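Only one structure is covered here, and it is reproduced in the block below.
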Amino acid sequence: MLRKIPILTAKESVSSAAAVALPKTSESPQLLKIRHSMSHVMAMAVQQLFPNARVTIGPWTETGFYYDFDNPDPFTEADLKAIKKGMIKIINQKLPLQRVEVSRAEAETRIKAQNEPYKLEILEGLQEPITLYTLGEKWWDLCAGPHVEHTGQLNAKAFELESVAGAYWRGDENRQQLQRIYGTAFETPEQLSEHKRRIEEAKRRDHRRIGTDLDLFSIEDEAGAGLVFWHPRGARMRLLIEDFWREAHFAGGYELLYTPHVADIDLWKTSGHLDFYRESMFGPMTVDEREYQLKPMNCPFHVLTYASTLRSYKELPIRWAELGTVYRYERPGVMHGLMRVRGFTQDDAHVFCLPEQISDEILKILDLTETILSTFDFRNYEINLSTRPEKSIGDDAVWDLATKGLTEALQRKGWDYKIDEGGGAFYGPKIDLKIEDAIGRMWQCSTIQLDFNLPERFGLEYVAADGSRQRPIMIHRAIFGSLERFFGIMTENYAGDFPFWLAPEQIRLLPVTDEVMGYAETIQSELSAAGIRSRIDRSGERLGKLIRSGEQQKIPVLAVIGAQEAEQGTLSLRSRRQGDLGSVGRSQVLQAATAANAARAAGLELGAS
RNA sequence: GCCCUUGUAGCUCAGCGGUAGAGCACUCCCUUGGUAAGGGAGAGGUCACGAGUUCAAUUCUCGUCAAGGGCUCCA
C-alpha cells in the first residue's frame with residue numbers, strides 16, 4: 001500500500017529549482033531601466049512627502065535599487081507605506097522621463113535653485129556634457145540614465161520598498177549619515193512574489209534559526225558577543241567535519257601542528273600584524289612583566305616551528321596544517337551568527353617550498369580543496385586570481401614566477417578563473433575561491449596566498465644543494481576559511497537537512513508500544529557499537545507524534561519499531577531524503593548505515609534483501 | 001563605531017503606569033496507540049542590565065549590554 005509521506009528528495013534538499021527566473025539587474029537592460037527609474041520615482045515621492053529631504057544618489061543594485069536621503073527625521077515603516085502610495089500615484093500618472101543635456105553652469109544654477117548641496121558636490125565630479133532626467137514637469141535629478149520612457153512602463157504591482165538603513169554620504173563613515181531606503185522592482189508581479197518567496201526561503205535556511213531549532217550552538221550574552229558555544233549536537237557535527245578534514249590532510253601529505261593561543265607580542269611586531277591590524281586585535285595582557293597577545297593568526301607560529309631547526313632543500317615541500325582558533329576584535333554591530341564572530345577556528349595550513357615547486361603545490365591544494373568542498377556538496381566554484389598590486393614588496397622575478405605558478409596550476413586543474421589585476425596582497429599573489437550554495441548564493445571560503453613577506457621578516461632559510469642558504473616560498477591556504485563560518489554556510493546549504501554521515505542523530509528509534517522497548521534497546525546498542533548515532537524516542541507519545549517530532553528535528557532516518565518488527569528482527573525505515581524504505585532486517589540496516597558513514601553518503605543504500 | 005528596529009517562560013509571541021499571559025517544548029497522570037500533533041494536570045519569568053520620573057515602572061525617560069536590518073571594516 002502506498003503511504004502518503006511528504007518526501008524530501010535528495011535533489012530538493014540541495015536545490016529548489018524555481019519556475020520563475022529572476023535575472024540580475026545587469027543581465028536585463030529593461031530591468032535596469034525599471035529599477036533605475038523606480039529609484040527616481042521613489043525620490044520624487046519622498047520629496048513630495050518630506051520637502052526637507054535632500055537627495056543624494058539613487059542607483060540600481062543587482063537585486064533592486066536604493067536612494068539615500070538626508071532628512072531631518074529618520075523614516076519609519078509607516079513612512080515607507082506612505083512613500084509607496086506616493087510612488088503608485090506617480091506611476092499611474094504615466095509621467096515622461098526625459099534626458100536633458102545642459103552646460104555645467106546651467107546645471108549649477110538649477111541645483112542651487114533647488115538647494116540640493118549633495119547634488120552640487122556630485123556635479124563637481126562630473127564631466128560635460130552634464131545630463132539630467134526630468135520626471136514629469138516639476139521633478140528632475142542629475143543622472144546619466146538610462147531610464148524607461150514614462151512611468152507607465154513601471155508596474156505598480158511589481159515593486160516593494162523593503163527597508164530603511166543608515167548609510168554614509170560617499171560611503172565615508174566620517175561624513176553625514178544618510179537615510180537609505182531599499183526597494184526592489186520587477187517587470188511582473190509574479191517575479192516580485194518569486195523574489196519574496198526566495199527571501200522566505202533564505203529565512204528558512206538561516207543558520208541562526210536552524211542552530212537554535214536543532215540545538216547545535218548558541219552565543220551567550222553573559223560570555224560576550226561573537227563567541228560561540230557548541231552544543232553537543234553541533235559539537236558532534238564539528239568533530240565529524242574535523243575528522244574528515246584531518247583524514248584528507250594526512251592523505252594529502254600534510255602533517256598537523258598544535259600551537260599556543262597566546263604568545264609574546266614581539267612575535268606580532270616581527271610579523272608586521274601589529275602595525276597593520278592593531279585595531280582588530282584583542283588587547284595585550286601582561287604576565288611576568290612580559291606582554292602577551294591572544295593570537296589573531298596562526299602563521300607566525302608555523303613560521304617559528306619551521307625556524308626551530310635548520311632545514312634542507314630535501315625536506316621541502318613542508319606542508320603543515322592546524323585547526324587554529326584565533327581571536328579578532330570585530331567592531332560592535334558587525335557580528336552575525338556564526339558568519340562573523342570574534343573567536344573562530346581557521347583550517348590554516350602553510351606550505352614551505354622551492355620556487356620550482358609552486359605549481360605542483362598549488363595544484364595539490366586545488367585538488368584537496370575540491371575533495372573537501374565536494375564532500376559537502378559544494379561543486380560550483382568561482383575563482384579569482386589576484387595579481388601584483390602597485391604597493392607591494394618582493395622583486396619582479398619572484399612575483400612573475402609565483403603568478404606563473406598559480407596560473408599554471410589553475411590551467412592544469414582545468415578550472416575557469418577571472419584575473420583581478422592588481423588585487424593581490426602586498427606580500428604576494430593569491431587565488432580566492434567562492435562556492436555556490438543550494439539557492440545560488442556565492443560564499444568566499446577558500447583562499448591560497450603566496451607570501452614573500454613573512455619568510456623575509458622571520459629570516460627563514462633552507463640549505464640548498466650547493467650549500468648556500470636560500471629563502472623558501474611560503475604558501476598560506478585555508479579551505480573552509482573559518483570552521484564556524486563554513487558550518488553556517490553548510491547549514492544554510494542543506495537547510496538543516498544534513499546528509500546521513502554528518503547528522504548528529506542519524507537514526508531515531510520509534511517504539512510503537514512499551515512492549516517493544518527491550519527490542520529497541522538491543523537495536524540501539526548494536527547501532528552504538530557500530531558507531532552509528534541513534535536514540536530511542538522515549539516520550540511515550542503515539543507514533544504520529546513521534547514521526548512528527550523526528551521530522552521536525554530533521555533526523556535522516558526514522559525507524560519504527562512495533563510488535564511486528566520485534567518479532568521479525570526488522571526495522572521499518574522512513575528516510576527524509578529517500579522516503580519510505582519499508583521493513584528492513586536489522587543486520588542490513590547496520591551494514592547500510594556503516595557503509596554510509598564510511599562513504600560519507602547522504603543516505604542509506606539498501607541492497608536487495 | 002554609525003543609523004534604524006528590537007529585547008517579556010527553553011522557543012515563537014501577546015500584554016500593560018497598579019507588580020504577568022498564550023501556543024509549542026518540559027514534568028507527572030490517563031491512554032498501549034502503526035507513519036506529521038490523543039486527553040488531563042503541573043512546573044517554569046529579577047519582563048536584558050543600571051539609573052531617573054512617579055504614591056507606584058515590565059510599561060515612560062536616559063544610559064549600558066546584546067540581537068536584527070544596513071553603512072563602514074574584515075590579515
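Proteins get letters first, then strands, A, B, ... in listed order; numbering begins at 1 in each. Worth saying up front: this structure is predicted, and the values here are computed from it rather than measured. Quick note: numbers below take in every heavy atom, side chains included, and nothing from hydrogens, waters or symmetry partners.
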Phosphate OP1/OP2 of B:G69: any A:Arg208 side-chain N/O under 4.0 Å: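 For A:Arg208, the contact criterion (side-chain N or O under 4.0 Å from OP1 or OP2 of B:G69) is met.
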Looking only at side-chain N and O atoms, does A:Lys545 come under 4.0 Å of OP1 or OP2 in B:U32?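 So the side chain of A:Lys545 is outside the cut-off, no N or O lying under 4.0 Å from OP1 or OP2 of B:U32.
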Working for ring pair (Phe, Tyr, Trp, His ring centres under 6.0 Å), residues A:Tyr67 and A:Phe69: CA-CA 7 Å; A:Tyr67 208 113; A:Phe69 301 93; 4.9 Å; yes
Is [N] paired to anything, Watson-Crick or G-U wobble with both distances less than 3.5 Å, and if yes, which nucleotide?
| N | value |
| --- | --- |
| B:C74 | none |
| B:G52 | B:C60 |
| B:A22 | B:U12 |
| B:G45 | none |
| B:U6 | B:A66 |

Just to be sure I understand the rule, does [X] reach a base, reach only the sugar-phosphate, or reach nothing, if contact means heavy atoms closer than 4.0 Å?
| X | value |
| --- | --- |
| A:Gly540 | base |
| A:Gly333 | base |
| A:Glu279 | nothing |
| A:Asp221 | sugar-phosphate |
| A:Ala563 | base |
| A:Gly544 | sugar-phosphate |
| A:Arg328 | base |
| A:Ala165 | base |
| A:Tyr182 | sugar-phosphate |
| A:His336 | sugar-phosphate |
| A:Pro332 | base |
| A:Gln564 | base |
| A:Gly481 | nothing |
| A:Arg209 | sugar-phosphate |

If you check the [X] side chain, which of [options] turns out closest?
| X | options | answer |
| --- | --- | --- |
| A:Val334 | B:U72, B:G69, B:A75 | B:U72 |
| A:Gln177 | B:G70, B:A36, B:A75 | B:G70 |
| A:Ser572 | B:U35, B:U32, B:G69 | B:U35 |
| A:Thr513 | B:C71, B:G34, B:U32 | B:U32 |
| A:Arg548 | B:G33, B:A36, B:A66 | B:A36 |

Test: A:Lys269 and A:Asp266 ion pair at under 4.0 Å: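 Answer for the salt bridge query: yes.
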Got a salt bridge between A:Arg388 and A:Glu421, using NZ or NE/NH1/NH2 to carboxylate O under 4.0 Å?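 Not counted as a salt bridge, because no side-chain N and carboxylate O are separated by less than 4.0 Å.
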[N] base / [X] side chain donor-acceptor hit below 3.5 Å:
| X | N | value |
| --- | --- | --- |
| A:Arg542 | B:A36 | no |
| A:Glu565 | B:G34 | yes |
| A:Tyr168 | B:G1 | yes |

Nearest whole Å is fine: how far is [N] [atom2] from [X] [atom1]?
| X | N | atom1 | atom2 | value |
| --- | --- | --- | --- | --- |
| A:Arg340 | B:G1 | CZ | C1' | 12 Å |
| A:Leu274 | B:A75 | CG | P | 17 Å |
| A:Arg331 | B:A66 | CZ | P | 14 Å |
| A:Asp172 | B:G1 | CG | P | 18 Å |
| A:Glu515 | B:G33 | CD | P | 8 Å |
| A:Leu216 | B:C11 | CG | P | 15 Å |
| A:Leu178 | B:C4 | CG | C1' | 13 Å |
| A:Asp79 | B:U5 | CG | P | 11 Å |

Take atom P in B:C2 and the same atom in B:A51, then report the distance between them in whole Å.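 Rounded to whole Å, the distance is 24 Å.
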In terms of ring plane angle, is the pair A:Tyr327 and A:Phe282 parallel, tilted or perpendicular, where the classes change at 30° and 60°?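 The arrangement is perpendicular - the two ring planes meet at more than 60°.
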Parallel, tilted or perpendicular: which fits the ring planes of A:His350 and A:His302, with parallel below 30° and perpendicular above 60°?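 Rings of A:His350 and A:His302: perpendicular, over 60°.
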Show your working on ring pair (Phe, Tyr, Trp, His ring centres under 6.0 Å) between A:Trp268 and A:Phe276 and close with a plain yes or no. CA-CA 10 Å; A:Trp268 312 103; A:Phe276 276 93; over 10 Å; no
A:Tyr277 or A:Val560, whichever maps to the more 5' nucleotide of RNA chain B: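 Result of the comparison: A:Val560.
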List for me each residue that meets side-chain contact (heavy atoms from CB on, under 4.5 Å) alongside A:Leu304, sequence neighbours excluded, and say none if there are none.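 A:Leu304: side-chain contact (heavy atoms from CB on, under 4.5 Å) contacts with A:Leu267, A:Phe458.
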Please enumerate all residues that pass side chain to side chain donor-acceptor pair (under 3.5 Å) together with A:Tyr66, with sequence neighbours excluded.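 For A:Tyr66 there are no side chain to side chain donor-acceptor pair (under 3.5 Å) partners, ignoring immediate neighbours.
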